[in-house]
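To start, the structure under review is shown below, and the notes come after it.
Heavy-atom basis, side chains included; hydrogens, waters and symmetry copies ignored. We name chains A, B, ... by the order of the sequence lines, and we start the count at 1 in each one.
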Number of protein chains: 2
Amino acid sequence: MSNNQFKRGELYSVINGMATTAVARRLQKNFRNAGLDITIEQWSVLYHLWKEDGLSQLELGNRTFRDKASTTRLIDNLEKQELVIRVASKDDRRINLVYLTDIAKPLQQITYELANQTMNEALLNINKEEIEIVKNVFQRVYDNLMSKDLS
Amino acid sequence: MSNNQFKRGELYSVINGMATTAVARRLQKNFRNAGLDITIEQWSVLYHLWKEDGLSQLELGNRTFRDKASTTRLIDNLEKQELVIRVASKDDRRINLVYLTDIAKPLQQITYELANQTMNEALLNINKEEIEIVKNVFQRVYDNLMSKDLS
DNA sequence: TTATATTAGTTGCATAACTAACTATATGTC
DNA sequence: GACATATAGTTAGTTATGCAACTAATATAA
């Protein structure tokens with residue numbers, strides 16, 4: 001109906017393949033070149049812990065858009081690298097609270113710088129208004145699909 | 001510099017986690033509910049073959065933003081499911097041309113419908129101008145990062 | 001024409017994703 | 001208290017991703 005009709009999932013293939021892959025690879029490359037041995041997926045978890053330490057695995061999954069199985073393994077790997085530790089909650093022993101270690105803490109500064117630098121490269125010729133529209137569109141797309149999640 | 005500065009890779013986490021994941025999951029779910037046993041990654045390859053059959057693996061990789069190793073394995077799996085076949089090029093025997101089978105051909109119609117339906121859900125309240133801006137921004141982001149690929 | 005470099009594709013290794021089935025703890029109801 | 005249900009996290013199985021090292025075929029240069 002109307003002129004929102006979109007033909008052949010074209011936007012999906014544009015968005016999902018192109019730009020996000022390119023940004024992800026560049027960011028990963030910038031981490032590697034800086035001698036940082038973490039994946040961008042691991043970084044996405046650390047990112048939320050730097051903002052608020054001691055989140056549960058489920059909450060980390062919500063904030064990083066992952067299911068709990070994926071979150072478990074990501075944290076397994078982060079724990080192997082001694083970047084986080086799991087601490088069982090005293091109130092509810094089903095819950096693992098995830099805390100940053102002293103190894104992870106100093107990585108915040110440099111990874112933020114690398115992320116900023118990467119996004120500045122990516123957004124070189126893109127103005128504020130356009131960025132706001134993209135963010136806004138993606139928020140609405142997410143809301144459209146997640147509000148009625150048909151499992 | 002200037003007001004393109006972007007703080008803390010925020011846009012990256014917005015874009016990469018949220019909307020693309022939500023759309024991908026919904027599309028995969030819609031495939032599954034329709035009894036289609038293909039992944040959206042496999043679909044992204046078939047999508048380009050329906051537009052132009054008999055592409056080389058490398059060309060398919062370019063069009064779907066994958067490296068050649070990923071393309072190899074995706075086509076391994078498509079071949080296992082008898083959706084495509086590899087045919088060595090007569091001109092250059094290094095090249096595999098990838099062709100749709102009779103099993104894959106009738107899937108075009110239904111998967112296009114499901115992709116359209118999914119995107120229409122996703123883009124329900126988003127107008128043409130916004131969509132054009134998103135596509136345009138993503139194209140420029142891709143160009144920004146890929147034009148000077150530092151390997 | 002022989003040696004060298006380039007190109008297309010494959011394989012090994014590690015990480016990550018999703019689904020479904022599972023364990024252990026907590027909550028709610030009788 | 002006992003039984004059913006819900007919740008947080010783990011595990012198994014399959015697919016996908018990226019990098020690096022490899023093979024085989026082609027192109028280039030001497």
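- Contacts of A:Q42 with the nucleic acid, taken as non-hydrogen atoms under 4.0 Å apart, involve only primed sugar atoms and P, OP1 or OP2.
- Residues passing the side chain to side chain contact (heavy atoms under 4.5 Å, CB included) test with B:I75, sequence neighbours excluded: B:Q57, B:L60, B:T71, B:V84, B:R86, B:V98.
- The side-chain hydrogen bond (donor to acceptor under 3.5 Å, both in side chains) test applied to A:Q109 returns A:E113, not counting sequence neighbours.
- Where DNA chain C meets chain A (any atom under 4.0 Å from a heavy atom), the bounding nucleotides read 5' to 3' are C:dT15 to C:dA26.
- In the 5' to 3' direction, nucleotides of DNA chain D lying under 4.0 Å from heavy atoms of chain B begin and end at D:dT15 to D:dT26.
- Looking at residues two or more places apart in sequence or on another chain, you find a side chain to side chain contact (heavy atoms under 4.5 Å, CB included) between B:E129 and B:N127.
- No hydrogens or angles considered: a donor-acceptor pair under 3.5 Å links the side chains of B:N136 and B:R140.
- With sequence neighbours left out, the side chain to side chain contact (heavy atoms under 4.5 Å, CB included) criterion links A:R25 to A:T21, B:M146.
- Residues of residues 82-100 of chain A having a heavy atom closer than 4.0 Å to DNA chain C, listed by number: A:D92, A:R93, A:R94.
- Near DNA chain D, defined here as any heavy-atom distance below 4.0 Å, the residues from residues 69-78 of chain B are B:A69, B:S70, B:R73, B:L74, B:N77, listed numerically.
- When hydrophobic residues (I, L, V, M, F, W, Y) are linked wherever their side-chain heavy atoms come within less than 4.5 Å, B:L58 remains an isolated member.
- In the hydrophobic clustering, A:I95 connects to A:I85, A:V87, A:L97, A:Y99, either directly or through intervening members, whenever side-chain heavy atoms lie under 4.5 Å apart.
- Partners of B:E82 under the side chain to side chain contact (heavy atoms under 4.5 Å, CB included) rule, at least two apart in sequence or in another chain, are B:I103.
- In this structure, the side-chain hydrogen bond (donor to acceptor under 3.5 Å, both in side chains) partners of A:D67, at least two apart in sequence or on a different chain, are A:S70.
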